[in-house]
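Just so you know, ligand 1 is whichever comes first in the structure, and atom 1 is the first atom listed for that ligand. This is a predicted model, so every value here is computed, not measured.
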Amino acid sequence: MDLELKNKVAIVTGGTQGIGRATALRLAEEGASVVIAARGRELLDRVAAEIRAAGGSVAAVQADVSRAEDCARLVAEAVTAFGRLDILVNNAGTSATGEFESVTDDIWQADFELKLFAAIRLARLAIPHMKQQGGGRIVNITNIGAKQPRAKSMPTTVTRAAGLAFTKALSKEFAPHNILVNTVCIGSVRAGQHERKAAKAGIAVEQLYANMAKDIPLGRVGRAEEVANAIAFLVSGAASYVTGTSINLDGGTSAVL
Ligand SMILES: NC(=O)c1ccc[n+]([C@@H]2O[C@H](COP(=O)([O-])OP(=O)(O)OC[C@H]3O[C@@H](n4cnc5c(N)ncnc54)[C@H](OP(=O)(O)O)[C@@H]3O)[C@@H](O)[C@H]2O)c1
């Protein structure tokens, strides 16, 4: 199926590891020019080289998306590099959970800045370009906990629930401009954050994945490429009537639709 992504320009935040890296590679493979953003220079250069080696077109922008000025520079550099902006994938993020009484204002604030305000600011900066071009796509990565918050799952589940409301409200406001906005709610997917957690706990990452898989109906942790496929569909011509929705990418884990 032709996803109609040739000549499109996509920003993927957190595009150097896990889901973001897989998404950047997938969109580039489909012919989109990709702008990857992350804080670490070394991985930015490495993933950019990987995309170029596969024949893709890429720009790598060092940015901390929890900072307003970095968001503005990211969008400006994307438009300077490729002359337009069609797709925004708000993916950068990390898990932040703890016992409610130990979660300080600073932890709450940092989570909002990284996982909610980054998406708000980048969408506000991207939308004028999308309007000018007659349309665009925004995908906000969230978490299945947004719909089904567990004990000790804050601040992440609260920030992610706001991400769902943001997605829906934005989709309704900008549908007349053909800007389609959706969210992908992630369950458990192989990625850098789990490798770091395993290293911290002193266990092999495969052991961690095996433990996590026990609660997943499909019996395994997902692969970043499986999420990238869903994102590629949502930003493609094949999803031209899909907006304001959420897709659970969780191997069947969530109890809610
Ligand atoms: N993997 C899962 O099981 C899972 C589950 C639920 C939700 N999610 C969500 O899915 C998204 C991707 O997760 P992942 O597991 O693929 O993550 P990952 O492998 O840990 O990669 C995170 C990416 O985000 C970048 N990043 C982190 N903080 C950033 C910041 N302030 N500014 C710019 N870039 C930043 C990282 O690069 P630098 O560190 O160099 O900046 C890296 O490229 C996240 O939003 C995560 O919360 C994942």
Side-chain angles (χ1 to χ4, degrees), residues 11-26 34-48 50 60-75 88-97 109-119 121-122 139-150 153 155-164 167 183-200 205 208-209 211-213 215-216 220-228 230-231 246-251 253-254:
I11 290 178
V12 181
T13 70
T16 59
Q17 295 181 63
I19 293 165
R21 172 183 163 277
T23 301
L25 282 159
R26 185 81 179 83
V34 180
V35 182
I36 53 172
R39 294 164 301 174
R41 187 75 251 174
E42 200 184 320
L43 277 182
L44 276 168
D45 291 341
R46 197 184 303 169
V47 175
E50 214 177 337
V61 178
Q62 191 168 23
D64 178 346
V65 296
S66 63
R67 296 159 56 99
E69 59 273 30
D70 284 23
C71 290
R73 185 170 49 76
L74 168 58
V75 172
L88 169 64
V89 182
N90 285 310
N91 163 76
T94 190
S95 180
T97 58
Q109 195 64 47
D111 207 55
F112 282 137
E113 293 290 344
L114 174 58
K115 282 148 49 181
L116 181 61
F117 276 100
R121 289 169 178 143
L122 287 167
V139 176
N140 297 317
I141 303 303
T142 57
N143 182 322
I144 53 170
K147 299 175 183 174
Q148 210 184 353
R150 287 177 294 103
S153 66
T156 281
T157 49
V158 173
T159 311
R160 293 316 199 181
L164 292 188
T167 298
T183 175
V184 176
C185 297
I186 312 290
S188 296
V189 170
R190 289 172 175 262
Q193 60 169 297
H194 300 305
E195 288 164 21
R196 292 190 293 275
K197 195 192 284 178
K200 206 170 161 188
V205 71
L208 177 67
Y209 289 143
N211 294 343
M212 290 160 71
D215 297 325
I216 301 172
R220 64 179 175 83
V221 169
R223 289 179 288 106
E225 292 73 17
E226 293 174 304
V227 182
I231 295 171
S246 70
I247 298 180
N248 293 344
L249 251 287
D250 65 351
T253 304
S254 181

[X], any N or O under 3.5 Å of ligand 1 N or O:
| X | answer |
| --- | --- |
| N143 | no |
| L114 | no |
| G20 | no |
| A37 | no |
| R196 | yes |
| G40 | yes |
| I186 | no |

Among all protein heavy atoms, pick the one closest to [atom] and tell me residue, atom and distance.
| atom | answer |
| --- | --- |
| atom 13 (O) of ligand 1 | Q193 NE2, 3.9 Å |
| atom 16 (O) of ligand 1 | I19 N, 2.8 Å |
| atom 25 (C) of ligand 1 | G14 CA, 3.5 Å |
| atom 21 (O) of ligand 1 | Q17 CB, 3.5 Å |
| atom 27 (C) of ligand 1 | R39 NH2, 3.5 Å |
| atom 19 (O) of ligand 1 | G192 N, 2.9 Å |
| atom 12 (C) of ligand 1 | N91 OD1, 3.1 Å |
| atom 22 (C) of ligand 1 | G93 O, 4.0 Å |

Under 4.0 Å from a heavy atom of [X]: which atoms of ligand 1 are those, numbered in the order shown and with their elements?
| X | answer |
| --- | --- |
| A63 | 32 (N), 33 (C) |
| A191 | 1 (N), 14 (P), 15 (O), 16 (O), 19 (O) |
| G18 | 16 (O), 19 (O) |
| S188 | 3 (O) |
| D64 | 30 (C), 31 (N), 32 (N) |

Is E225 paired with R190 through a side-chain N to carboxylate O contact shorter than 4.0 Å? no

Between T16 and ligand 1, find which residue part has any heavy-atom pair under 4.0 Å and reply side chain, backbone, both or neither. both

Is H194 touching ligand 1 with its side chain, its backbone, both, or neither, if touching means heavy atoms under 4.0 Å apart? side chain

Minimum heavy-atom separation for [X] and [Y], please, with both atom names.
| X | Y | result |
| --- | --- | --- |
| L44 | Q62 | CD1-CA, 3.5 Å |
| G163 | L116 | N-CD1, 4.2 Å |
| A230 | L249 | CB-CD2, 3.8 Å |

Answer yes or no: is there a donor N or O on one side and an acceptor on the other, between the side chain of [X] and the main chain of [Y], under 3.5 Å?
| X | Y | value |
| --- | --- | --- |
| N91 | G14 | yes |
| T142 | L164 | no |
| H194 | V205 | no |

Between [atom1] of [X] and [atom2] of [Y], what distance do you get to the nearest 0.5 Å?
| X | Y | atom1 | atom2 | value |
| --- | --- | --- | --- | --- |
| I247 | I231 | CD1 | CD1 | 9.5 Å |
| N90 | N140 | CG | CG | 5.0 Å |
| Q193 | I19 | CD | CD1 | 7.5 Å |

Heavy-atom distance under 4.5 Å between the side chains of [X] and [Y], does that happen here?
| X | Y | result |
| --- | --- | --- |
| I186 | V227 | yes |
| E226 | V189 | no |
| N143 | T157 | no |

Of A92, C185, A224, the one whose closest heavy atom lies nearest atom 26 (N) of ligand 1 is A92

Testing the 3.5 Å rule here: is there a donor-acceptor pair between the side chains of T156 and K115? yes

May I ask whether [X] places a heavy atom under 4.0 Å from ligand 1?
| X | value |
| --- | --- |
| T13 | no |
| R160 | yes |
| G187 | yes |
| K115 | no |

Residues, nucleotides or ligands: over 12 heavy atoms within 6.0 Å of E69 CD: yes

Worked verdict on K197 versus S95 for side-chain hydrogen bond (donor to acceptor under 3.5 Å, both in side chains): CA-CA 11 Å; K197 195 192 284 178; S95 180; over 6 Å; no

